[in-house]
Amino acid sequence: MPRIVVDPVTRIEGHLRIEAVVENGVITDAYSAGTMVRGLEKILIGRDPRDAWAITERVCGVCTTVHALASVRSVEDALGISVPPTAEFIRNIMMATQYVQDHVIHFYHLHALDWVDIVNALKADPKKAAELAGSFSKWDKNTPAYFSAVQDKIKAFAASGLGIFANGYWGHPAYKLPPEVNLIAVAHYLDALEWQKEIVKIHAVFGGKNPHPNYLVGGVPCSIDVDEVGAINGERLNLVSRLISQADEFVNEVYIPDLLAVASFYKDWAKYGGGLKNYLAYGEYPTKGYGNPDSFKFARGAVLGRDLSHVYPVNPRDNEEIKEYIAHSWFTYEAGNDKGLHPWAGETQIAYSGPKPPFETLAGYDKYSFLKTPRWKENAMEVGPLARLLVSYAAGRADVKETVNATLGKLGVPVDALFSTLGRTAARGIDCALSMIWLKEFNNQLIARVKTRETSTFNGEKWEPKSWPSEAEGVGLVDAPRGALAHWIKIKNGAIDNYQLVVPTTWNGSPRDARSVRSAFEESLIGTPVANLEQPVELIRTIHSFDPCLACAVHLYDPQGKHLHQVSFE
């Protein structure tokens with residue numbers, strides 16, 4: 001049977017290899033391999049836990065804030081440090097900003113070209129494109145002249161050979177959009193490039209810079225004084241409000257309308273890519289403190305078997321709930337490779353046993369990835385925007401249910417359609433729309449506190465190591481744009497004794513467990529049709545719907561490699 005090898009999968013962060021077995025035009029088996037080694041856990045041992053955020057944040061340049069937040073939350077959890085409400089609002093603003101920017105970038109710059117045919121946009125009528133765009137959006141740039149100018153850019157680009165897009169699958173039979181919709185999407189792709197660099201200025205206001213804004217155990221590293229030039233003053237708060245207003249317009253007049261327009265032509269993809277039936281979310285956006293998850297905007301919990309009538313509680317401190325296995329991973333455990341370890345007892349010992357490069361395939365090798373295999377109560381779980389929405393939907397979060405139902409109503413599909421590649425892509429847009437609503441809410445609440453002079457942003461009560469116990473352990477949870485992220489820390493005599501990260505792509509992209517149960521990437525590909533083995537755009541659509549980020553899952557790469565079938569695309 002033919003075996004497709006896509007290595008590396010592009011338009012993601014990091015290096016991911018997918019091998020898929022195709023029988024009669026349908027994928028019947030799949031293997032997801034992380035081909036880098038991450039060594040952050042080793043780097044952190046012996047360091048001051050208050051500095052861990054600055055190191056872990058640099059594991060990835062895409063999620064520029066989530067690892068820092070998970071890290072400071074882990075230390076605060078270990079030492080019993082509470083965060084002032086004003087600091088919590090600022091953290092929520094920074095996280096919501098990350099959600100909004102990340103989801104827009106994913107749709108246009110990482111995922112859209114799986115559905116949008118750039119070359120076909122040359123056949124579009126700019127006037128018809130403007131009329132069509134005007135029927136579902138009030139975006140003032142949607143004019144015939146605007147689309148004509150974009151089309152001229154595409155013509156010049158095509159004449160030059162399409163640059164980095166030269167190896168795209170243009171003209172593939174899986175593309176279904178009319179020329180005008182392709183033109184609209186390409187135009188807004190370019191607009192999004194300009195817009196996304198503006199919204200992150202919010203991170204620069206509160207965190208000093210982007211990427212990698214600054215954080216602080218016990219609060220945030222900025223002071224608020226409307227009259228002070230060196231603080232977060234009235235001018236900077238007004239800038240944040242303007243940037244949020246601009247983001248609101250782009251999300252609701254460009255991103256969401258484009259998402260719905262593209263999705264309406266691909267409703268058949270509600271049949272493919274569902275994969276696992278289990279979903280895990282840690283919850284996000286605390287409104288009454290990080291220690292009170294019942295007050296989070298997004299709920300914490302697990303859904304099993306796609307049963308939305310029940311949400312199982314999740315306790316990351318329970319040593320029996322979350323474990324990492326290495327049956328098919330290039331690691332070893334002192335306690336035995338058949339054991340599952342809770343992250344507080346986690347080990348990072350590399351033991352590569354795969355083929356020596358150059359190699360053609362990982363078939364026949366028992367171990368095939370540098371990702372460990374996490375399980376929740378021995379269940380393989382999907383994490384990410386889809387999991388986040390399903391858990392909150394099942395938990396009865398009214399605003400989530402209302403937004404989900406309204407969006408699916410516009411597409412004319414039931415809630416069950418979410419269990420698919422199409423649903424995963426739509427869920428990211430719904431996730432963004434909700435975060436946009438809450439971003440405005442958090443900003444209004446921050447301004448209200450500033451007006452009443454409730455501006456404390458730091459709790460230094462337990463800042464000094466002399467006040468710490470000799471040993472402590474904590475966990476910092478973040479439901480990042482890509483899904484459930486956690487940092488587990490053990491502190492001994494004022495220094496880090498152990499530190500483990502279990503990140504979203506570790507959950508989704510990990511190899512099989514000892515029972516040969518596939519994880520989310522692998523399972524989602526089963527049953528996917530592939531029209532052309534040389535151009536497996538269908539495979540890429542499903543993998544991209546997860547928005548893989550291998551950088552934080554693994555972190556060193558050997559570029560040597562010769563594959564059974566090398567797939568090259570954008």
Side-chain angles (χ1 to χ4, degrees), residues 12-13 53-54 56-73 87-111 192-193 195-216 220-222 239-240 243-244 246-248 250-251 255 281-286 290 296-298 383-385 387-389 427-443 446 476-487 501 503-505 546-549 551-552:
I12 68 170
E13 174 71 15
W53 68 266
T56 60
E57 187 177 37
R58 284 157 175 79
V59 70
C60 178
V62 176
C63 291
T64 64
T65 188
V66 298
H67 286 286
L69 182 56
S71 183
V72 296
R73 282 177 173 173
E88 200 76 81
F89 283 129
I90 291 174
R91 287 183 177 184
N92 282 346
I93 289 170
M94 294 179 73
M95 177 58 70
T97 297
Q98 181 67 42
Y99 267 65
V100 172
Q101 188 223 22
D102 192 271
H103 291 335
V104 170
I105 288 175
H106 175 261
F107 177 74
Y108 287 106
H109 307 134
L110 304 180
H111 197 26
L193 284 173
W195 167 84
Q196 61 86 24
K197 68 183 183 183
E198 293 299 311
I199 189 174
V200 294
K201 290 178 180 178
I202 295 173
H203 283 177
V205 169
F206 293 117
K209 57 191 175 70
N210 178 279
H212 311 315
N214 295 309
Y215 271 76
L216 182 67
V220 290
C222 59
L239 171 60
V240 169
L243 293 169
I244 291 173
Q246 293 168 7
D248 190 30
F250 196 90
V251 167
Y255 172 30
Y282 290 148
E284 193 48 73
Y285 301 131
Y290 171 70
F296 288 11
K297 293 287 192 180
F298 281 127
V383 304
R388 191 158 48 238
L389 289 184
R428 197 172 295 274
I430 298 170
D431 201 58
C432 182
L434 285 165
S435 293
M436 192 67 248
I437 293 170
W438 296 332
L439 176 55
K440 292 184 290 184
E441 180 182 319
F442 297 140
N443 188 56
L446 174 63
L477 306 179
V478 168
D479 225 282
R482 289 171 173 83
L485 164 68
H487 290 204
L501 295 75
V503 307
T505 300
F546 289 94
D547 194 11
C549 185
C552 59

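Minimum heavy-atom separation, Y255 to G429: OH-CA, 3.1 Å. Between V72 and L69 the shortest heavy-atom distance is CG2-O, 3.3 Å. Closest heavy-atom contact between G483 and P504: O-CG, 3.4 Å. Taking each heavy atom of W53 and A68 in turn, the nearest pair found is CB-O, 3.7 Å. Shown here for C60 and H212, the closest heavy-atom pair between the two residues is O-CE1, 3.2 Å. In terms of heavy atoms, V220 sits closest to A87 at CG1-O, 3.9 Å.
Under the 3.5 Å distance criterion, the side-chain polar atoms of S71 are left unmatched by any main-chain donor or acceptor of H67. With S435 contributing its side chain and V100 its backbone, the two residues share no donor-acceptor pair below 3.5 Å. For R482 (side chain) and D547 (main-chain N/O), a donor-acceptor pair under 3.5 Å exists by modelled atom type.
Separation of atoms CE (M436) and CG (D431) is listed at 13.0 Å; rounding is to 0.5 Å. Rounded to the nearest 0.5 angstrom, I199 CD1 and Q98 CD are separated by 9.5 Å. One distance of note links CG of N214 with CE of M94; it measures 8.5 Å at 0.5 Å rounding. For the atom pair L446 CG and F206 CZ, the distance stands at 5.5 Å (nearest 0.5 Å). One distance of note links CG of L434 with CZ of F298; it measures 5.0 Å at 0.5 Å rounding. With rounding to the nearest 0.5 Å, the separation of CD in E198 from CD in Q196 is 9.0 Å.
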Quiz prompt | Pair L477-Y290, side chain to side chain contact (heavy atoms under 4.5 Å, CB included): steps then yes or no | solution = CA-CA 9 Å; L477 306 179; Y290 171 70; 3.7 Å; yes
Quiz item: When you look at E441 and K297, which way does the side chain to side chain contact (heavy atoms under 4.5 Å, CB included) test go after all the steps?
Solution: CA-CA 11 Å; E441 180 182 319; K297 293 287 192 180; 2.7 Å; yes
Self-check item: Verdict with reasoning, D479 to Y99, per side chain to side chain contact (heavy atoms under 4.5 Å, CB included)
Solution: CA-CA 10 Å; D479 225 282; Y99 267 65; 4.0 Å; yes
Quiz item: Run the side chain to side chain contact (heavy atoms under 4.5 Å, CB included) check on T65 and Y215 step by step: do they pass?
Solution: CA-CA 9 Å; T65 188; Y215 271 76; 2.3 Å; yes
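Side-chain contact check for M95 versus Y285: some heavy-atom pair is nearer than 4.5 Å. In this structure, P286 and R73 have side chains that are in contact, with non-hydrogen atoms separated by less than 4.5 Å. Within the 4.5 Å cutoff, no side-chain heavy atoms of H106 are placed close to those of P481. For the pair N92/F442, a side-chain contact is recorded, criterion being any heavy-atom separation below 4.5 Å from C-beta on.
P213 pairs with exactly one of I202, T64, V200, V205 by the side-chain contact (heavy atoms from CB on, under 4.5 Å) rule, that one being T64.
Using a cutoff of 4.0 Å between basic side-chain nitrogens and carboxylate oxygens, E284 and R388 are not scored as salt-bridged.
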